[in-house]
Amino acid sequence: MNDQIKQIAERFQCGYKVFEKGSDPKLLEEAYHEALKAGQEGGFYPALVCLDEYALAWFSDIQADYDKDKLLAEWEDRGEELLKERFGEYTQEMGEEELADFIGEEKEGDVLREFCGYCSFTDGSLEADTLLLEIPVEHPWEIIAYVPMGGWNECPAPDEMIAICKYWYEKYGAIPAVFTHDVMEFYAPNGLNGKDPVEAAKEHYAFCTDRIDQGTRTYKVSELAAGLAESSVWYFWWD
């Protein structure tokens, strides 16, 4: 662990462990699930933060001025409303037939049950040194206040992130788990918790349009929905 990573890790002011670049990602995922269980009694939620060169620069620049207490005090509890607004904005120019075609009738989609945001595309190993943080929060949506995610490209701003994460935790039991400079993954142990897959896929598109625009073969909401129905990991990437 170099000095820069140590400084960033210590700024979180919580317990942490470093998994070095090139490690087996399965070890990291096992450690995450162990930490999630331990946190039930230890008063924390785990989060995985992959510190590639872009994330290192981001955290080095923003962490010193990031006011998590102010963010936690001022965010608005309107996650469902935000997602409906965003979906409406992204589809407002579609006519009725075009919107129906965008929803589609696909029956197959990718099922995700393992984290992959921190994996190298070349050999599948850990892409960069990654922190397993034990963040001292009562609620999982408060993780966002410690890990400054959002506010660039079309990624929701941090206060919107908190609201959406709260809504998704209460509706589905989904927990924000993995962070890179442009990827976020949730752990959803209950899947969609009995909720409608198409409606969930619409929410995912509202949160991150690239989840369908660049993450599906057919560019249909229904393809994403078909995969979500059996998935315990939710993947988002903002290009």
Side-chain angles (χ1 to χ4, degrees), residues 54 75-117 121 140-141 144 147-188 190-239:
Y54 303 105
W75 70 279
E76 297 182 35
D77 189 2
R78 54 189 297 267
E80 182 177 12
E81 181 181 348
L82 283 168
L83 290 172
K84 288 181 178 178
E85 289 176 358
R86 289 170 67 92
F87 186 81
E89 290 172 4
Y90 294 141
T91 60
Q92 62 183 344
E93 296 184 2
M94 295 182 184
E96 186 175 336
E97 291 186 5
E98 188 178 0
L99 181 59
D101 181 65
F102 175 58
I103 300 300
E105 298 180 355
E106 302 299 318
K107 303 300 182 184
E108 296 183 359
D110 291 336
V111 175
L112 301 179
R113 296 195 178 102
E114 296 179 343
F115 299 135
C116 62
F121 288 115
W141 56 87
I144 305 301
V147 182
M149 180 78 171
W152 34 262
N153 292 348
E154 292 186 356
C155 184
D159 62 322
E160 295 175 330
M161 279 272 194
I162 292 176
I164 292 168
C165 288
K166 179 178 185 289
Y167 168 62
W168 277 350
Y169 179 72
E170 292 177 342
K171 184 175 183 179
Y172 305 107
I175 301 169
V178 175
F179 301 85
T180 78
H181 75 278
D182 61 357
V183 168
M184 184 176 178
E185 292 179 290
F186 287 72
Y187 176 51
N190 302 322
L192 294 181
N193 205 26
K195 303 300 189 295
D196 181 12
V198 171
E199 291 304 313
K202 288 180 180 179
E203 292 178 354
H204 283 215
Y205 180 73
F207 187 62
C208 174
T209 58
D210 282 333
R211 184 62 188 88
I212 290 177
D213 293 345
Q214 298 197 57
T216 62
R217 291 175 291 276
T218 62
Y219 314 113
K220 309 291 186 185
V221 170
S222 53
E223 180 188 332
L224 174 59
L228 283 178
E230 302 296 330
S231 294
S232 57
V233 170
W234 297 353
Y235 176 91
F236 300 97
W237 170 53
W238 291 269
D239 188 9

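Any value given below was found using the heavy atoms of this structure, including those in side chains, with hydrogens, waters and symmetry copies removed.
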So does Asp239 get a backbone contact from the side chain of Asp210, meaning a donor-acceptor N/O pair under 3.5 Å? yes
In this structure, are over 12 heavy atoms from other groups packed under 6.0 Å from Glu105 atom CD? no
List for me each residue that meets side-chain contact (heavy atoms from CB on, under 4.5 Å) alongside Glu80, sequence neighbours excluded, and say none if there are none. Lys84, Tyr167
Should the heavy atoms of other residues, nucleotides or ligands under 6.0 Å from CZ of Phe87 be counted, would the total exceed 12? yes
Is the distance between the ring centroids of Trp168 and Phe236 under 6.0 Å? yes
With a 6.0 Å cut-off (strictly less than), is the heavy-atom count around CD of Glu85, excluding the residue itself, greater than 12? yes
State the CG-CD distance between Asp213 and Glu154, to the nearest 0.5 angstrom. 8.5 Å
Interatomic distance, CD1@Ile144 vs CH2@Trp75, rounded to 0.5 Å, equals 11.5 Å
Closest approach of Cys165 to Met184 (non-hydrogen atoms, all atoms of both residues): SG-CE, 3.9 Å
Would you indicate whether the side-chain heavy atoms of His181 and Trp152 approach each other to under 4.5 Å? no
Between Phe102 and Tyr205, is the ring centre distance below 6.0 Å? yes
Heavy-atom closest pair, residues Glu114 and Glu185: O-OE2, 4.4 Å
Would you name the heavy atoms of Thr216 and Ile212 that are closest together and state the gap between them? OG1-O, 2.7 Å
Just verifying a value: how many Å separate Gln214 CD and Thr209 OG1, rounded to the nearest 0.5 Å? 8.0 Å
Nearest non-hydrogen partners of Pro140 and Ile175, listed with the distance: CB-CG2, 3.9 Å
Strictly distance-based, threshold 3.5 Å: is any side-chain N or O of Glu160 a donor or acceptor partner for the main-chain N or O of Ala157? yes
Can you check whether Tyr235 reaches Cys208 side chain to side chain, under 4.5 Å on heavy atoms? no
Heavy-atom donor-acceptor pair, Lys107 side chain to Ala226 backbone, under 3.5 Å: no
Let's go through Phe207 and Phe186 carefully: what are the C-alpha distance in whole Å and the side-chain angles of both, what is the deciding distance for side-chain contact (heavy atoms from CB on, under 4.5 Å) to 0.1 Å, and is it a yes or a no? CA-CA 12 Å; Phe207 187 62; Phe186 287 72; 4.1 Å; yes
Output the distance between atom CZ (Arg211) and atom NE2 (His204), rounded to the nearest 0.5 Å. 8.0 Å
Could you check Lys195, Lys171, Arg86 and say which one makes a salt bridge (charged side-chain N to carboxylate O under 4.0 Å, His left out) with Glu203? Lys171
Identify the heavy atoms of Lys166 and Glu170 that sit nearest to each other, and give their distance. NZ-OE2, 2.7 Å
Residue pair Tyr172 / Leu192: nearest heavy atoms and the distance that separates them: CD2-O, 3.3 Å
Assess whether atom CD of Gln92 is packed by more than 12 heavy atoms of other residues, nucleotides or ligands within 6.0 Å. yes
Any chance you could measure Leu224, atom CG, to Trp234, atom CH2, to the nearest 0.5 Å? 10.0 Å
Run the side-chain contact (heavy atoms from CB on, under 4.5 Å) check on Trp237 and Asp182 step by step: do they pass? CA-CA 6 Å; Trp237 170 53; Asp182 61 357; 3.1 Å; yes
In this structure, CD1 of Ile164 is separated from CG of Leu83 (nearest 0.5 Å) by 4.5 Å
So, the side chain of Asp159 versus the backbone of Glu76: is there a donor-acceptor pair under 3.5 Å, distance only? no
